[in-house]
Amino acid sequence: ETRAGSAHVAPPVQRHAFGGNETSRPNILAAGDSIAWGYGVEPHEAWGAVLGEKLHQSLEKDLSVSVVGIPGGGYCEILRGIHRELDALPPEVVVLQVFADDLEQRAMMLVNGAPLVSPSQATHPTTRSLATHSYLFNWAWSHWKSRKQSSPTRFISTEGQHHFQKAMSNLKERTEALDIQLVVFQIQPAGLKTCAENNAPACRWYTEDHALMTDLLGQAGIEPINLANIWDSPERWVLEKERMRMQREPNYVAIHPNKPGHALLADALAGPVEGALSR
């Protein structure tokens with residue numbers, strides 16, 4: 001969300017303490033997009049908090065978790081949130097969840113509650129200026145653009161790919177310099193398997209972008225944990241309201257996991273993160 005033309009306004013960082021650990025330095029910083037934020041579930045049911053509770057029990061020690069979850073911000077806003085926490089409260093381990101469409105340059109935003117096209121997507125300086133300063137022009141332009149396009153356009157340029165790779169390299173270098181362990185994992189939409197069976201166009205995008213992100217992370221010297229195939233049964237793991245929409249709209253891609261889906265992610269991450277904490 002953008003307020004009066006300012007940069008993306010991130011939700012406040014969530015803090016979770018397990019066993020009374022309320023020290024100044026969190027053990028784990030869990031970061032990502034709307035899935036890390038816990039869209040559709042309670043904050044304590046999202047994968048970061050569930051992971052903290054699980055490790056608190058298995059390690060039999062007090063733990064604290066900070067959650068930087070930024071819905072719809074793309075990788076840039078997520079990494080900014082991480083760096084703010086590294087400046088203020090550096091953790092022992094950073095666990096970063098990346099999602100294929102985080103590579104996109106965001107085409108839409110909310111300005112004072114109104115959805116508008118990002119002026120940065122306008123190629124002509126005059127159009128960009130009008131889209132920036134005139135709500136009426138932006139509204140008309142966005143509707144014209146949406147009707148002109150038969151399907152949504154991808155905004156993943158070569159330059160954008162380079163920026164992502166460089167930003168991830170910088171994060172890796174900074175965490176190493178601070179003696180912080182970095183765990184990165186990739187996931188796909190929780191309903192990808194169902195929409196793939198329906199041959200929805202977006203399913204192809206998600207698969208291609210997931211592979212592209214894996215390659216870019218490799219170029220940054222990061223080997224992510226690939227949890228693309230964790231959603232073996234979308235009916236089990238997808239939020240109910242998104243599952244119902246999937247049934248109504250064959251081309252809709254359900255993205256967000258439900259409470260058991262977040263627990264499934266936490267189970268998959270427990271081993272690697274426990275190993276990172278013990279280093």
Side-chain angles (χ1 to χ4, degrees), residues 1-3 5-11 13 29-37 68-88 90 94-111 116-125 127-129 131-132 145 149 152-178 180 182-189 202 204-228 255:
E1 180 169 356
T2 331
R3 302 186 191 281
S6 65
H8 187 281
V9 178
V13 177
L29 172 61
D33 53 19
S34 57
I35 298 175
W37 181 64
V68 172
I70 304 181
Y75 78 88
C76 229
E77 298 302 333
I78 296 167
L79 294 184
R80 282 194 185 109
I82 292 174
H83 284 294
R84 283 194 295 267
E85 288 301 294
L86 295 185
D87 290 338
V94 171
V95 185
L96 172 59
Q97 168 239 305
V98 290
F99 189 78
D101 70 354
D102 292 335
L103 283 172
E104 288 180 306
Q105 298 173 28
R106 296 309 182 190
M108 298 294 293
M109 63 179 72
L110 285 176
V111 179
L116 298 177
V117 173
S118 170
S120 64
Q121 302 304 332
T123 56
H124 194 279
T127 307
R128 185 180 301 120
S129 177
T132 301
K145 291 285 284 185
Q149 296 173 178
T153 302
R154 306 299 280 161
F155 296 107
I156 307 176
S157 63
T158 302
E159 183 183 21
Q161 294 176 35
H162 171 72
H163 287 323
F164 174 79
Q165 183 268 323
K166 184 177 180 181
M168 293 302 301
S169 295
N170 289 342
L171 177 64
K172 181 175 184 290
E173 291 171 3
R174 187 173 185 201
T175 52
E176 288 176 347
L178 293 171
I180 296 171
L182 176 63
V183 177
V184 178
F185 72 100
Q186 286 182 271
I187 58 174
Q188 290 277 43
R204 183 179 67 254
W205 297 341
Y206 280 117
T207 301
E208 292 172 353
D209 293 356
H210 185 94
L212 173 61
M213 181 175 272
T214 302
D215 182 57
L216 294 172
L217 288 168
Q219 294 177 35
I222 296 172
E223 185 176 349
I225 300 169
N226 192 340
L227 299 182
I255 290 176

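Atoms considered below: every heavy atom in the structure, side chains included; atoms not considered: hydrogens, waters and symmetry mates.
- Here His83 contributes atom NE2 and Ile78 contributes atom CD1; the two are 12.0 Å apart, rounded to the nearest 0.5 Å.
- The shortest distance between side-chain heavy atoms of Arg84 and Val13 does not fall below 4.5 Å.
- In this structure Thr175 satisfies the side-chain hydrogen bond (donor to acceptor under 3.5 Å, both in side chains) test with no other residue, sequence neighbours excluded.
- Heavy-atom minimum distance, Pro11 versus Pro71: CG-CD, 3.7 Å.
- For Leu178, the side chain to side chain contact (heavy atoms under 4.5 Å, CB included) partners at least two apart in sequence or on another chain are Leu86, Arg174, Ile180.
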#### Entry: Verdict with supporting geometry, Arg80 and Ile70, side-chain contact (heavy atoms from CB on, under 4.5 Å)
CA-CA 10 Å; Arg80 282 194 185 109; Ile70 304 181; over 6 Å; no

### Task
Could you give me the CA-CA distance, side-chain angles and deciding distance for His163 and Tyr75, then say whether side-chain contact (heavy atoms from CB on, under 4.5 Å) is met?
CA-CA 10 Å; His163 287 323; Tyr75 78 88; 3.2 Å; yes

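- For the atom pair Leu79 CG and Asn170 CG, the distance stands at 9.0 Å (nearest 0.5 Å).
- Residues passing the salt bridge (charged side-chain N to carboxylate O under 4.0 Å, His left out) test with Glu176 are Lys172, sequence neighbours excluded.
- Between the CD1 atom in Ile35 and the CD1 atom in Ile255 there is a gap of 7.0 Å [rounded to 0.5 Å].
- Residues passing the side chain to side chain contact (heavy atoms under 4.5 Å, CB included) test with Asp215 are Gln219, sequence neighbours excluded.
- With sequence neighbours excluded, the residues satisfying side-chain hydrogen bond (donor to acceptor under 3.5 Å, both in side chains) with Ser169 are Gln165.
- Looking at heavy atoms from C-beta onward, Leu217 lies in side-chain contact with Met168 at the 4.5 angstrom threshold.
- Just one of Ile82, Leu29, Val68 meets the side chain to side chain contact (heavy atoms under 4.5 Å, CB included) condition when paired with Leu96; it is Ile82.
- Qualifying side-chain hydrogen bond (donor to acceptor under 3.5 Å, both in side chains) partners for Asn226, counting only residues two or more places apart in sequence or in other chains: His210.
- Checking each of Val95, Val183, Ile187 against Ile225 for a side chain to side chain contact (heavy atoms under 4.5 Å, CB included) leaves exactly one that passes, namely Val183.
- In plain terms, the two heavy atoms of Phe99 and Met213 that are nearest each other are O-CE, 3.3 Å.
- In this structure, Gln97 contributes its side chain and Gly32 its backbone to no donor-acceptor pair below 3.5 Å.
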### Task
Decide yes or no on side-chain contact (heavy atoms from CB on, under 4.5 Å) for Asp33 and Glu77, but give the supporting numbers first.
CA-CA 9 Å; Asp33 53 19; Glu77 298 302 333; over 6 Å; no

